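Below is one structure; the comments refer to it alone.
In this chain, residues are counted from 1 in sequence order. Please read all numbers here as calculations on a predicted model, not as lab measurements. All heavy atoms count here, side chains included; hydrogens, waters and symmetry mates do not.
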Amino acid sequence: NLTATKTESGLYVVIDTPGNGASCTSNSTVKVAYSGYFTSGTIFDESLPAGIQFGLQGVIKGWQEGIPYFKEGGIGKLLVPSALAYGTKGTSGIPANSVLIFDIHLIDVL
């Protein structure tokens, strides 16, 4: 029951608050507060409310593609198919072929 935009790659983006600050690109450095969880609702990772800073070019493809849909101050969700996350190999704590959901708050574009 979400109102989501489906991208050509299969990523779903849910924008609760679009934000009104600066925009970013897949090459930007951003500060984001997030929670990541499986479709079961089990949280596998989350930041502190103050967020973390990172370059988008160094994260999963689902974030590289999805976070630029938000402007500074934007809040929403990314529903990331496994092909845009950790694929058939998985990673520590995330099984292969996992669909991942992230609550996103784009705090700052640096």
Side-chain angles (χ1 to χ4, degrees):
N1 294 327
L2 298 173
T3 301
T5 300
K6 181 181 180 185
T7 70
E8 199 170 296
S9 67
L11 175 71
Y12 285 86
V13 180
V14 178
I15 298 176
D16 296 323
T17 304
N20 55 14
S23 297
C24 65
T25 69
S26 61
N27 293 317
S28 295
T29 297
V30 295
K31 187 173 189 181
V32 173
Y34 71 92
S35 293
Y37 48 98
F38 300 113
T39 55
S40 67
T42 302
I43 293 176
F44 62 82
D45 191 19
E46 62 186 330
S47 71
L48 295 173
I52 60 168
Q53 179 179 317
F54 54 86
L56 282 175
Q57 64 279 6
V59 296
I60 62 172
K61 289 180 183 179
W63 278 37
Q64 291 174 10
E65 182 182 344
I67 289 179
Y69 278 85
F70 300 93
K71 292 182 177 180
E72 278 181 346
I75 297 172
K77 290 184 185 318
L78 299 177
L79 288 77
V80 183
S82 65
L84 299 178
Y86 298 101
T88 58
K89 297 184 186 202
T91 191
S92 179
I94 299 175
N97 302 314
S98 293
V99 173
L100 305 178
I101 302 169
F102 293 94
D103 291 332
I104 298 289
H105 176 198
L106 178 56
I107 297 169
D108 202 1
V109 177
L110 305 165

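Partners of Tyr34 by ring pair (Phe, Tyr, Trp, His ring centres under 6.0 Å), not counting sequence neighbours, listed by chain and number: Trp63. Taking the side chain to side chain contact (heavy atoms under 4.5 Å, CB included) definition, one finds that Ser40 meets it with Phe38, Thr42, sequence neighbours left out. Scanning for ring pair (Phe, Tyr, Trp, His ring centres under 6.0 Å) contacts around Tyr37 gives an empty result, with sequence neighbours left out. Applying the side chain to side chain contact (heavy atoms under 4.5 Å, CB included) rule to Thr25 yields the partners Asn27, Ser28; only residues at least two apart in sequence or on another chain are considered. Residues satisfying the side chain to side chain contact (heavy atoms under 4.5 Å, CB included) criterion with Ser92, sequence neighbours excluded, are absent altogether. With sequence neighbours left out, Glu65 forms a side chain to side chain contact (heavy atoms under 4.5 Å, CB included) with Thr7, Ser9, Leu11, Leu84.
The heavy-atom pair separating Ala33 from Pro49 by the smallest distance is CB-O, 3.6 Å. The two residues Pro68 and Ser26 have their closest heavy-atom pair at CG-N, 4.0 Å. Closest heavy-atom contact between Phe102 and Leu100: CE1-CB, 3.7 Å. Between Val59 and Gln64, the closest heavy-atom pair is O-NE2, 2.8 Å.
In this structure, the side chains of Lys71 and Leu106 stay at 4.5 Å or more apart for every pair of heavy atoms. Within the 4.5 Å cutoff, no side-chain heavy atoms of Ser47 are placed close to those of Val32.
Distance CG/Leu79 to OG1/Thr39: 9.5 Å, rounded to 0.5 Å. From Thr29, atom OG1 reaches atom CG of Leu56 across 7.5 Å, with rounding to the nearest 0.5 Å. The CD1 atom of Ile94 sits 12.5 Å away from the CG atom of Asn97 when rounded to the nearest 0.5 Å. Residue Ile101 holds its CD1 atom at 11.5 Å from OG of Ser35, rounded to the nearest 0.5 Å.
Sorted by first and then second residue, the salt bridge (charged side-chain N to carboxylate O under 4.0 Å, His left out) pairs involving residues 18-32 (not counting sequence neighbours) form an empty list. The stretch residues 42-56 participates, sequence neighbours left out, in no salt bridge (charged side-chain N to carboxylate O under 4.0 Å, His left out) pair at all. Screening residues 90-99 for salt bridge (charged side-chain N to carboxylate O under 4.0 Å, His left out) gives no qualifying pairs among residues at least two apart or on separate chains. Evaluation of the ring pair (Phe, Tyr, Trp, His ring centres under 6.0 Å) test over residues 65-93, restricted to residues two or more places apart or in two chains, returns none. Counting only residues at least two apart or on different chains, the salt bridge (charged side-chain N to carboxylate O under 4.0 Å, His left out) pairs with a member in residues 72-81 are Lys77-Asp103.
Tracing side-chain contacts under 4.5 Å through hydrophobic residues (I, L, V, M, F, W, Y), one reaches Ile67 starting from Ile52; they form part of the same cluster. Criterion: ILVMFWY side-chain heavy atoms under 4.5 Å apart, direct or through other members. Under it, Leu78 and Val99 are not part of a common hydrophobic cluster.
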Give the table of side-chain donor-acceptor pairs shorter than 3.5 Å for residues 13-23, with sequence neighbours excluded, one pair per line with atom names and distance.
none

